[in-house]
Amino acid sequence: MTDGSPPLDYDDIVRDTNSHIRAYIAGMGVPRHDVDDVAQDVYVELYRFFDRMPAEVPPRQWLKGIARNLCLNYFRRTSRRNRLQREALVEIFLRAEQEGEVALSEGPVRHALDGCFEKLPQQSRKMLALKYEQELPSATIAAKLKSTAEAIRVALFRIRANLRDCITTTLAAET
Amino acid sequence: MTLHEELIHRYLDDPAALNEAELEQLISQLRAQPAQAVQLREQLILNDLLGQKLAVDRKNFSIMVQQRLSDFEQGEEEVYNQVSDLRAIAEAEIEKVVRPPGINPWVKYAGGISLLVAAVLCIAVWQYQQAAPRAVANIEELSGQVARLSGGKEEALRLGQAISTGDSIVAAAGSTVVWKYKDGTTVRLLGDSESALSAESATQAKEVKLSRGELSASVAKQTRGPMVFTTPHATATVRGTQLRLVVGDANTQLDVTEGKVDFQRNGGSQVLQLAANESGIATASNIQPREVVWPVNRGSAVFLFDGHDRKQFARHPETGVPRETPLEPRGEVAASKVHFLSLRGGHCRSEDAGHDMLPHVKRSCEFACAIVFLPEKRASSGDAVLCAWGPAGNENFLLLQRGQQLVVQCGKGLGAKPIVFDLGEITLGARHDVSFACRDGQATAVVDGVEIALGDQLENKIPEWAEGPLVVGADATGKRVWRGEIGALALMDQYVDKVLADANRRRFQQLHP
């Protein structure tokens, strides 16, 4: 498959790319609880046709191509009532990918996220834990924190925006 | 907060929560303001990255992929059907048992017993399905006579045919069969061989039993557990590698080309961990590493020269045991600095080797020549013979250099014009590794790792081959002298395909970097 370069190892590719590919799938509007299922399908496809991966194409780019197709399949399969809207959103997000922050798609984001997460105030980390670790709906988090669901959604939006800025700054500094 | 922002926040909270009208509104909004689409996408990505970091059930993704691959290999449909059947049986039995109170106690006992029987049946069905034959591979290459023994029936194997666990594959002398598993693992059975396919009962990991003969395998990374090769003398346990196994009456030889293999004698506790380019040999009472030698299929060599400082051997025509058979120098022959034989106008000759080789090659009806050589930087104008075997003018085999062209001639018997194969151009002054092989209907050459198809409609004339000397560096009359250095020469009574030729080339490079 390669010409002179060392052969690619399937496990290494899974380890090195899964974080990006899962986030990439989520970035096309696949609900959180289905992201890993679609991502697993992506790696099964890679496994089945490993020998067809061109040597000159980086594995992540190849996997993104597979992921795009599987996401469209996912929406065709699952969105009977609003399939056209879901597909339109995928198109919008694919266009947004071209215009968005490159570092978020390419760099070692998970490592940067770990550092940025540690810098967050205690209250923000608590809210993220309720949302992502305990996977509570916004209304339940609001009840626990004596707030409203809308306010929680806005607060989470701001925390994520801060994290995004922190990650891009960190990655820019590293490069 | 605007209505638009609220829509985006709700979408981020749960992309499936918006109804059709709300989605339409969101789409119009994002189309009108592409910057918002970029921001929303980045929020979705952060959303997921935080989930990956914090959600417990998302932390072992690589393990989940391995499990998914395992299911894929087994065949999801098969698993689904098995589970559905078992569930249906169990549900039917549960429905029978759950009845209104006040029922006759004997009926209750009977219900309990039937539930127990159903459970036993479920286990039996599951075990049966595990043990039942399962198509695991397809026939990728086939030549010669190869049969499949399945359920007591014997049938000729066909190209593309699926083969299953429980099948035995029996190949006659001179045959080759290659089967390929779904994960890309290939097994190549060579010559007079017998093997059987199976799978480990619990994990369904691949197993191949080689009762006799020779196989080489290229094993993809295994997810269900190591692939196991068993022979009457030993077991080779493989996770992902290239290997070759040769089973004789008294021993099993293992050559590892790539990766690592655990090699264990049957009934013994010692495990030899063999890495790439290492070999081991197991008998009924012993297992030990084996000296790394060229060629890899050394046992098939009917004549062998592997360095001017080593003895030359030819196999005894009756016993098959290698015995010292020196090439006798004629004229200017010397040793080079790198153990090569340097021919500067002279040549080497052996009447005995030519005599001893013939019965072996005629018996197998297969012939191969592997040679490593370095021609002089200036080529002679006429033909120069690197290697000749057979009577003068009616050689069985002739490898010659014509300018920069390399040519093979195979004899068709007395008075008949030989078959000529053009192996292409070589570089003067550079080392070359050439393998040529022929058998019924087939000839192939591999020059410096590049396979040259020579046709598959050949008439096998090996039975017509005649006795004559083996000459290196000239023809049988001592003319058409070749100048250069010979690093190694093996003449074999076994067809050498591309896989084996490559293994030999790598082995020579390992020994003579």
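Side chains are part of it too, since the values below use all heavy atoms of this structure and drop only hydrogens, waters and symmetry mates. Chain letters run A, B, ... following the sequence lines, proteins first and then strands; every chain starts at 1.
Minimum interatomic distance between B/Gln43 and A/Ala161 (heavy atoms only, all atoms of both residues): NE2-N, 3.5 Å. Between B/Leu44 and A/Gly29, the shortest heavy-atom distance links the atoms CD1-N, 4.2 Å. For the pair B/Leu69 and A/Tyr43, the tightest heavy-atom approach, listed with the atom from each and the gap, is CD2-O, 4.4 Å. Closest heavy-atom contact between B/Phe61 and A/Ala39: CZ-CB, 3.5 Å.
For chain B, the nearby parts of A/Asp114 are the backbone and the side chain; heavy atoms of each come within less than 4.5 Å. Heavy-atom distances place the side chain of A/Glu135, and not its backbone, under 4.5 Å from chain B. Contact annotation for A/Ala149: neither backbone nor side-chain heavy atoms come within less than 4.5 Å of a heavy atom of chain B.
Ion pair A/Asp41/B/Arg68 flagged as a salt bridge, since at least one NZ, NE, NH1 or NH2 atom sits closer than 4.0 Å to an Asp/Glu carboxylate oxygen. We find that A/Arg153 and B/Asp14 are not joined by a salt bridge, their nearest charged nitrogen and carboxylate oxygen being 4.0 Å or further apart.
A/Asp11 and B/Gln66 share a side-chain donor-acceptor pair at under 3.5 Å.
Taking 4.5 Å as the limit, some side-chain heavy atom of B/Leu30 sits within range of a side-chain heavy atom of A/Leu89. A 4.5 Å side-chain heavy-atom check between A/Val35 and B/Gln52 finds every atom pair outside the cut-off. In this structure, B/Val65 and A/Asn18 have side chains that are not in contact, with every pair of non-hydrogen atoms separated by 4.5 Å or more. Using a 4.5 Å heavy-atom cutoff, the side chains of B/Leu50 and A/Leu163 are in contact. At a threshold of 4.5 Å between non-hydrogen side-chain atoms, the residues B/Asp183 and A/Tyr47 count as touching.
Atom NE2 of A/His33 has more than 12 neighbouring heavy atoms from other residues, nucleotides or ligands inside a 6.0 Å radius.
With hydrogens and angles disregarded, no donor-acceptor distance shorter than 3.5 Å links the side chain of A/Arg95 to the backbone of B/Ala37.
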